[in-house]
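In what follows, chains are A, B, ... by sequence order, proteins preceding strands, each numbered from 1.
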Amino acid sequence: MVKISVLQHAPSVHLPARPGDPTPTTRNLDPLMHPFARARERNRALNAAKMDKLFAKPFVGALEGHIDAVEVLCKKPGSLSAVASGSWDGGVILHNVSERKHIRRIQGAHKGKVSGLCFAQDDRLLSCGVDSKIKLWDASPQDDITEQRPLNEYPGKSAFNSIDHHRSDPLFATASNIVQIWDETKSAAISNLTFPTSTETITSVRFNLSETSVLGSIGSDRTFTLYDIRTGKAERRIVMQMSSNALAWSPTFPTNVLLASEDHNLYTFDVRQLKTPTHIYKGHVAAVMSCDWSPTGLEFVSGGWDRTVRIWKEGQGTRPEVYHTKRMQRVSSSIFTADARFVLTGSDDGNVRIWKAKASEKLGIITARERAAIEYRDTLKDKWKHDNEVGRIQRNRHLPKPVYQAAKLKRTMLDTRAVKEERRRKHTCAGESKPNAERKKMVITEQT
Amino acid sequence: MASSVDSLFVKAQNTTLPKSLRPTSPPPDNVPKHKHVKDLKLRTKLNRQAAHAARSKALVEDAELLLTNEAGKMQVETELERTWRIGQDDIVQSASQEAAKGRRELKLDGGPYRSRYSRNGRHLAIVGNMGHVATFDWQTGAMHAELQLQETCRDITFLQDQSFFAVAQKKYVFIYDRDGVELHRLKAHIEPTRLEFLPYHWLLASVGNNGFLKYQDTSTGHIVAEHRTKLGACHTLAQNKHNAVLHLGHSNGVVTLWTPNIPHPAVQILAHFGPVVGLSVDPSSGGRYMATSGQDGVVKVWDCRNWKGTVREWTTRGGGAELEWSARGALSVAVGGSVNVYTKLSIQTSHAPKAPPPLYLTHPIPHRPLTSVRFCPFQDILTIGHNAGLSSILVPGVGEPNFDSMEADPFENKKARREREVKGLLDKIQPDMITLDPDFVGALAPPTKLTTAVNDTHDIPFARLPRLERLRVQGKADETELVDDDDEDVADGDGDKNAKPQSRMEKEKRKMRGKGKSVKRYLRKQRKNVIDPTAVAIRAKLEKQREEKRVAKAIENGSMEARKPSALDRFRRP
């Protein structure tokens, strides 16, 4: 006899059980059922890269109010929307970033430039200026801008350049020609921290975010110095090729510090090994004026003299995201918001601008299906980034013409210098020894 | 004391560990460890990627459990019984009511009929030579369109699904809507004889009596390529579904393979002594086997990976046979007055030369000529077009039982059809990606043999070298992933054991043919104003080589006599 069975598809398995039910799907993952799987996936990756660029509209809004250039920005710890900005005309404005309103506006907080801002505990704001005064303000909301009085005033001996508050104690540190530690309750500095042989002006001072007794500072004699409050003195110091303009401690890796340097680069150092930087970030075509880490510790933002804001990934030293606008002039300060979604920049034209950290991110409510699609597209872009076309679209950045030409010129000049160096090494006795690594050339000496 | 302390700690219920702290599955075995990579971060990343790929592979193998449906079969129990003795009546009796609907006869007059199923097997399009065109859902019997065109119609095909179909009419190709409304007259396709639609590239291809193969993109309307076959009128066209290459059979017995990117055929083989009548490519092997039949009555099965002669050939009683391969590898041959079906196993097992493989099923059809055979995609049904209409027969075991809803779903509703159409358009592959080997996408490019080094030394400064050269100079170039294609076994199959292994020199010569040598490029660059002693020396050497070659050739021709050996040869400079 013979056994016969003819193929049939049961409609109960393939049609919805009740009207309104979703149709059941069946999958067969045999590669023969899916011809051109790789070509189709590459197509989807290409479309994902193009959509990324299509929807890249990073500028969210501008916060106005200052009359002169914005010098310093500071975000309130523990708050997502409160940001203080200080400008050259001596005014300090406390903004609510999400509503784009002024919480408080202090006109004439200082005579001259406001050079440093930081938040103290319990809704209070500290500001320091080139008029050698430190003032403590109440940062709670207030509508009128009539003559405002500080809660407390701390007079100093010379112009202040920077101020930073301790993580938990009522202490703050200031930078002028020395680093001074102040107690909020006392009207004079409680200690001076200097390196024994230094005669410099300190331009920026920052407390470490986890080891809270440790301070870092950068000075005008091309140095970066580490201090400890508990010993009351400077611990270690490195002298670099060019001076730095800003300093930021990593929020997730406590020994990492980021320096924004005059030689157009940013450097991360591990403070346990200060001889060489761990990473060099090359991209700006003019001095880097400010830097700030994202709260995730995986990204940081830098604002430069070349009128661009660049968002870098930690570990990737080239090709950051670049934001620029014709109306934005020299960027003097840049910070990340506490939710790592936005970047705020203060520039010479007197505006504080809000940008998205991910330029093509959708700001509204994202449904679960949308989120799954976004994650799929991100994975596709990551998988196919080595493909020529997909990679070219992802790497491409539009730069303003002056910045582009400057970058080209810089590239040519560096190339010729490298070629000349190589020819010298080839034809002189300098070639008998191996050339120095780029990283090792950066730090001149380390002093303890 | 302890109990009071315990009461302070509320036992956490219904919490989940974060993903990073959950225990992961043990790493799979046989994962390549990249020990040669010195950078720790890169090595970790590569190891993780390799482990992830190995896990995915294992999951895909496990996913076979998801396949719930089983294929049909016809098995004989005794030695004396044969499967081909079983007639359609017996099969219909053993089949269920739903499956038995597949056995039907359509009695139509309108000339010999040709048919085509849509990709999901739900809709059927038929065309008769006199101009009778009909499209319908054969499972429910719903008619979509029926037209009497009153001119010769030679072929029909659905476009992306049942919403459009194209008919190869007497002079041009026409595209119609689902309801039979004429939408387009494609006046570029002149006197078309056969049509094929490439679903992933959205290309409609036609061959005609003028010997032109034309590709037209049906989403944008552009003509992508027009190829002159230079082999006369063509009446046989087949598509390889796995690489979108079109197979044409010509009247001088030649089978040619075409892509839209090359103006000449990619492959050309002399298959038969007379015109090629039937042509089909096997989808169950990924497009590896091709079956051809000629007017000489021979059916040949070829291996498309290495064109080294037929895998199998046999003679049929009768002239040209219509061929079609099913999704599970069964071959149907319609010749003379009957249709024969052979299964995959019987074709591939060893055989006596020139004898046909053991027969699986046969069915006689009294109306000659038999003009087309088509398998229904996910059913055990074979539709034969003949002079008096169409007949559908049941052939157990030829249909793919498990379909993938994302690709083709016979049960899709209106919403799913729309979604699939839009997704198909977004994923449309450009025609310049069509090659004989579809797996080149995402593969590493072959290593270039061109280098800027002259005699292994770089004259160019280090900062100006290309990146790979710089890494090579530093000794950091990682060449472990490069697989030399010359040394790999290209063909696996029966025929390659006789192949003479080509010498490495021959292979390199053939590969570099037509490409400028690095030395010549270097000389071209140096030619400008600088008088470089090295360049002069190299030029002199090349001149000498050329002179020697000329002399050797002249001696071969006989126009010059070879120099007779003399005692003074030892003083001659080499």
(request) To the nearest 0.5 Å, tell me how far A:L7 CG sits from B:Q379 CD. (result) 6.0 Å

(message) Can you tell me which portion of A:R42 sits under 4.5 Å from chain B's heavy atoms? Options are side chain, backbone, both or neither.
(response) side chain

(message) I'd like to know which of B:K73, B:H201, B:M74, B:E81 tops the heavy-atom pair count under 4.5 Å against chain A.
(response) B:K73

(message) Between A:L258 and A:H279, is the side chain to side chain contact (heavy atoms under 4.5 Å, CB included) condition met? List the steps.
(response) CA-CA 9 Å; A:L258 176 68; A:H279 284 108; over 6 Å; no

(message) Can you tell me which portion of B:E407 sits under 4.5 Å from chain A's heavy atoms? Options are side chain, backbone, both or neither.
(response) side chain

(message) With a 4.5 angstrom heavy-atom cut-off, is it the side chain or the backbone of B:I86 that approaches chain A, or both, or neither?
(response) side chain

(message) Please report the interatomic distance OG1(B:T140) to CZ(B:R122), rounded to the nearest 0.5 Å.
(response) 5.5 Å

(request) Please step through side chain to side chain contact (heavy atoms under 4.5 Å, CB included) for the pair A:R439 and A:I280, ending with a clear verdict. (result) CA-CA 7 Å; A:R439 273 193 246 177; A:I280 306 179; 3.7 Å; yes

(request) Return the option, out of A:K3, A:E41, A:Q8, with the maximum number of heavy-atom pairs under 4.5 Å with chain B. (result) A:K3

(request) Check whether the side chains of B:Q239 and B:E196 place a donor and an acceptor atom closer than 3.5 Å, and report yes or no. (result) yes

(message) With a 4.5 angstrom heavy-atom cut-off, is it the side chain or the backbone of B:P410 that approaches chain A, or both, or neither?
(response) neither

(message) I need the minimum non-hydrogen distance between B:A244 and B:I434, along with the two atoms involved.
(response) O-CG2, 3.6 Å

(request) Report the relative orientation of the aromatic rings in B:F197 and B:W202; use parallel for angles under 30°, tilted for 30 to 60°, perpendicular for over 60°. (result) perpendicular

(request) Could you tell me which residues in residues 395-405 of chain B have at least one non-hydrogen atom under 4.5 Å from a non-hydrogen atom of chain A, sorted by residue number? (result) B:P396, B:G399, B:E400, B:P401, B:N402, B:F403, B:D404, B:S405

(message) What's the separation between atom OG in A:S294 and atom CH2 in A:W312, rounded to the nearest 0.5 Å?
(response) 16.0 Å

(message) For residues 411-418 of chain B, give me every residue with a non-hydrogen atom less than 4.5 Å from any non-hydrogen atom of chain A.
(response) B:F411, B:N413

(request) Identify the heavy atoms of B:P283 and B:W325 that sit nearest to each other, and give their distance. (result) CD-CB, 4.0 Å

(message) If we define contacts as heavy-atom pairs under 4.5 Å, which of B:D90, B:N69, B:T78, B:V60 has the most with chain A?
(response) B:N69

(message) Heavy-atom cut-off 4.5 Å, strictly under: side chain, backbone, both or neither for A:N43 against chain B?
(response) side chain

(message) Looking at A:H284, is its backbone amide N or carbonyl O close enough to the side chain of A:K410 to form a donor-acceptor pair, meaning the two atoms are under 3.5 Å apart?
(response) yes

(request) Check for a donor-acceptor pair, side chain of A:R310 on one end and backbone N or O of A:G283 on the other, with a separation under 3.5 Å. (result) yes

(request) Heavy atoms only: give me the nearest B:F378-A:M33 pair and the separation to one decimal. (result) CE2-CE, 4.2 Å

(request) Can you tell which part of A:T25 gets under 4.5 Å to a heavy atom of chain B, answering side chain, backbone, both or neither? (result) both

(message) Between B:S94, B:G102, B:A71, who has the most heavy-atom pairs with chain A when the cutoff is under 4.5 Å?
(response) B:S94

(request) Taking all non-hydrogen atoms of both residues into account, name the closest pair between B:D437 and B:T435 and its distance. (result) O-OG1, 2.9 Å

(message) On a heavy-atom basis, which atom in B:A330 and which in B:V341 lie closest, and how many Å separate them?
(response) CB-CG1, 4.2 Å

(request) Hey, could you give me the CZ/CG distance between A:F36 and B:L198, rounded to the nearest 0.5 Å? (result) 7.5 Å

(request) Below 4.5 Å from any heavy atom of chain B, which atoms of A:L15 appear? Answer side chain, backbone, both or neither. (result) side chain

(request) Please round to the nearest 0.5 Å and tell me the distance separating atom CE of A:M242 and atom CG of A:L259. (result) 14.0 Å

(message) Among A:D30, A:T26, A:N47, A:L29, which residue has the highest count of heavy-atom pairs closer than 4.5 Å to chain B?
(response) A:T26

(request) Answer with side chain, backbone, both or neither: which region of A:R423 has an atom nearer than 4.5 Å to a non-hydrogen atom of chain B? (result) side chain

(message) Need one label for B:K241: side chain, backbone, both or neither, based on atoms under 4.5 Å from any heavy atom in chain A.
(response) backbone

(message) Heavy atom to heavy atom, less than 4.5 Å: which residues from residues 376-388 of chain A reach chain B?
(response) A:W384, A:K385

(message) I'd like to know which of B:I460, B:L80, B:L67 tops the heavy-atom pair count under 4.5 Å against chain A.
(response) B:L67

(request) For A:V2 and B:E77, run side chain to side chain contact (heavy atoms under 4.5 Å, CB included): C-alpha distance rounded to whole Å, both residues' side-chain angles, the deciding distance at 0.1 Å, then the answer. (result) CA-CA 6 Å; A:V2 65; B:E77 268 138 24; over 6 Å; no

(request) State, without any angle test, whether A:S360 and A:D52 hold a side-chain donor-acceptor pair at a distance under 3.5 Å. (result) yes

(message) Just so I know, are the side chains of B:D409 and B:N120 near enough to count as touching, which here means a heavy-atom distance under 4.5 Å?
(response) no

(request) Using non-hydrogen atoms and a 4.5 Å limit, figure out which bit of B:I91 sits close to chain A: side chain, backbone, both or neither. (result) both

(request) Give a yes or no on whether the backbone of A:W293 and the side-chain of A:W249 come within a donor-acceptor separation of less than 3.5 Å. (result) no

(message) Nearest 0.5 Å, please: how far is CZ in A:F300 from NZ in A:K313?
(response) 11.0 Å

(request) Please flag which part of B:A100 lies under 4.5 Å from any non-hydrogen atom of chain A: side chain, backbone, both or neither. (result) neither

(message) Ignoring hydrogens, what is the shortest heavy-atom contact between A:P251 and A:P295? Give both atom names and the distance.
(response) CG-O, 3.9 Å

(request) Please state whether the side chain, the backbone, both or neither of B:S284 comes within less than 4.5 Å of a heavy atom of chain A. (result) backbone

(request) Tell me the residues of residues 419-429 of chain B whose non-hydrogen atoms fall below 4.5 Å from those of chain A, in number order. (result) B:L426, B:D427, B:K428, B:I429

(message) Keeping B:N243 on the side-chain end and B:P438 on the backbone end, is there a donor-acceptor pair under 3.5 Å?
(response) no

(request) Say whether, by atom type as modelled, one donor and one acceptor occur between the side chain of B:R103 and the main chain of B:L394 under 3.5 angstrom. (result) no

(request) Decide yes or no on side chain to side chain contact (heavy atoms under 4.5 Å, CB included) for A:L54 and A:K50, but give the supporting numbers first. (result) CA-CA 6 Å; A:L54 211 59; A:K50 288 180 185 171; 6.0 Å; no

(request) Measure from the side-chain N and O atoms of A:R397 to the backbone N and O of A:Q394, and report whether any donor-acceptor pair falls under 3.5 Å. (result) yes

(message) Counting heavy-atom pairs closer than 4.5 Å to chain B, which one of A:A10, A:P31, A:P35 comes out on top?
(response) A:P35

